[in-house]
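See structure below.
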Amino acid sequence: MSQAVSALAAVTAVLTALALRRSRQTAAQGYLGGARALRAQLPLLLAAFILAGYVEVLLPAELVQAWLGAGAGLRGIVIGGLAGAILPFGPYIVFPMAAAVRATGAGDATLVAFVAGWMLLSTGRIAYEMAAFGPGFTWRRLALFAPAALAAGGLALLLGR
Amino acid sequence: MVVEGLLSGWATLRGAALLIILAFAITGLMQVLVEPATIKKWLGRRAGWRGVAIGAAAGALTPGGPYVYYPLALAIHRSGAGMGTIFAYLAGKAVWDLARLPLEIAFMGPGLTALRWAATMLAPPVLGYLGGRWFGDYRAPQAGGEQP
């Protein structure tokens, strides 16, 4: 975790330097925008971490290992992909949840399918998409992206061997 | 059990608090550095393989949630970019999002993040190409709702 903090701090420093090169105001606007987004997401974040805590404590490890563990194969990929697809949340909520499921014994391919399913199919963006492009576009995109989410899990299964 | 779940969640949140604050700062800074107008200028009227490649890269660089990138995708579409470019942009945003990468490494670990990237690496160009071929004639309705 401390390595991740150092890496993020380095990225933040580089981006701050780039923003400062434009103007002090640009950098200040960036930090202000980030702070506003954090404030808006805070209640959801707290709820997500509590939920992730319960996932870790309440999910029976044997059940997770049997259904989603390294030996779950295609079944794990399909369940993982579907679970990711129905989540309407942002990354601050989905990644802690994935980490909690991982801690209970889910396999790597299942987790890749879960994350890819969320990234490619998440229900959270559908309202914005339909408003912008119309429902016809959403059906086409889902038909195109859904096999890619499953393929990602399959590829992870092959690559992880 | 109730207390145990709360404590477990609290411990994860405390450990991740600094990461989350930094990740929000990165998103905020990227939002002021990569302006929607710049992305729109890159992508307007792009089509074919070039459109797919640049669309996917622009998706990777666009920070923020769907309230940011869907209006942007629509503006790009309206300024004449091909459907392949739009699908590549959305797929690039989905799996190549650079602003989200630090958070993914922090929670999933570098090994699993690398595996996820490898497994989805080709998705933006492939989905952009197929989307352009199969759904190239789709046009967004003028004011939302079903396609006319």
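The sequence lines fix the lettering, A, B, ..., with proteins before strands; numbering per chain opens at 1.
- Note: the hydrophobic cluster containing Leu20(A) does not contain Val11(A) (ILVMFWY, side chain heavy atoms under 4.5 Å, direct or indirect links).
- In this structure, chain B has no heavy atom under 4.5 Å from any part of Ser122(A).
- Ranked by heavy-atom pairs under 4.5 Å with chain B, the list Gln41(A), Gln29(A), Glu129(A), Arg36(A) is led by Glu129(A).
- For the set Leu101(B), Leu18(B), Leu122(B), Ile26(B), the count of heavy-atom pairs under 4.5 angstrom toward chain A peaks at Ile26(B).
- For Phe24(B) and Tyr92(A), the distance between ring centers is under 6.0 angstrom.
- Surrounding CG of Leu42(A) are more than 12 heavy atoms belonging to other residues, nucleotides or ligands, all under 6.0 Å away.
- Of all residues spanning residues 142-158 of chain A, those with a heavy atom less than 4.5 Å away from chain B's heavy atoms are Leu144(A), Phe145(A), Ala148(A), Ala152(A), Leu155(A), Ala156(A), arranged by number.
- Residues Pro66(B) and Gly124(A) share a closest heavy-atom pair of CG-O, 4.4 Å.
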Checklist entry - Step by step, would you call Arg140(A) with Met83(B) a side chain to side chain contact (heavy atoms under 4.5 Å, CB included)? => result CA-CA 11 Å; Arg140(A) 286 168 174 84; Met83(B) 263 296 143; over 6 Å; no
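- When heavy atoms are compared at a cutoff of 4.5 Å, Gln31(B) does not approach chain A at all.
- With hydrophobic clusters built from ILVMFWY side chains whose heavy atoms lie under 4.5 angstrom apart, Phe114(A) does not share a cluster with Leu74(A).
- Between chain A and the options Ala123(B), Ala23(B), Gly28(B), the largest number of non-hydrogen pairs under 4.5 Å is found for Gly28(B).
- At a heavy-atom cut-off of under 4.5 Å, chain B is reached by no residue from residues 77-85 of chain A.
- Within the 4.5 Å cutoff, the side chain of Leu120(A) has heavy atoms near those of the Leu127(B) side chain.
- If you take CD1 on Ile21(B) and CG on Leu8(A), they are separated by 11.5 Å, rounding to the nearest 0.5 Å.
- A donor-acceptor distance shorter than 3.5 angstrom exists from the side chain of Tyr138(B) to the backbone of Phe133(A), with no hydrogens or angles considered.
- Between Leu112(B) and Arg102(A) there is a side-chain heavy-atom pair separated by less than 4.5 Å.
- There is a path of hydrophobic side-chain contacts, each under 4.5 Å, that joins Trp134(B) to Trp139(A).
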Item to check | Residue pair Phe49(A), Ile20(B): steps toward the side chain to side chain contact (heavy atoms under 4.5 Å, CB included) verdict | outcome: CA-CA 12 Å; Phe49(A) 276 95; Ile20(B) 290 170; 3.6 Å; yes
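- Ranking Ala109(A), Ala113(A), Pro96(A), Ala99(A) against chain B, the residue ahead of the rest is Pro96(A), based on heavy-atom pairs under 4.5 Å.
- Of the inter-residue distances, the one linking Phe137(A) atom CZ with His77(B) atom NE2 reads 8.5 Å to the nearest 0.5 angstrom.
- Of all the listed residues (Leu33(B), Thr27(B), Leu115(B)), the one sharing the greatest number of non-hydrogen pairs under 4.5 Å with chain A is Leu33(B).
- A pairwise comparison of heavy atoms in Thr12(A) and Leu22(B) identifies OG1-CD2, 3.6 Å as the closest pair.
- The most heavy-atom pairs under 4.5 Å with chain B, out of Val94(A), Val112(A), Leu46(A), Leu38(A), come from Leu38(A).
- Each of Val34(B) and Leu32(A) belongs to its own hydrophobic cluster when Ile, Leu, Val, Met, Phe, Trp and Tyr are linked at side-chain heavy-atom distances under 4.5 angstrom.
- You'll find the side chain of Leu90(B) stays beyond 4.5 Å of the side chain of Arg125(A), heavy atoms only.
- Between chain A and the residues Pro71(B), Ala118(B), Ala91(B), Gly65(B), the largest count of heavy-atom pairs under 4.5 Å involves Ala91(B).
- Residue Arg22(A) touches chain B through its side chain alone, counting heavy-atom pairs closer than 4.5 Å.
- Contact annotation: the side chain of Phe107(B) never approaches that of Val115(A) to less than 4.5 Å [non-hydrogen atoms, C-beta and beyond].
- Interface residue Ile86(B): only side-chain heavy atoms are found under 4.5 Å from chain A.
- Trp117(B) and Trp118(A) fall within a single hydrophobic cluster, where Ile, Leu, Val, Met, Phe, Trp and Tyr side chains are chained together by heavy-atom contacts under 4.5 Å.
- For Met121(B), no part lies under 4.5 angstrom from a heavy atom of chain A.
- Interface remark: of the candidates Thr120(B), Leu130(B), Leu29(B), Leu29(B) forms the most heavy-atom pairs closer than 4.5 Å to chain A.
- Glu104(B) and Met119(A) make their closest contact through OE1-CE, 3.8 Å (heavy atoms, listed as atom of the first residue, atom of the second, distance).
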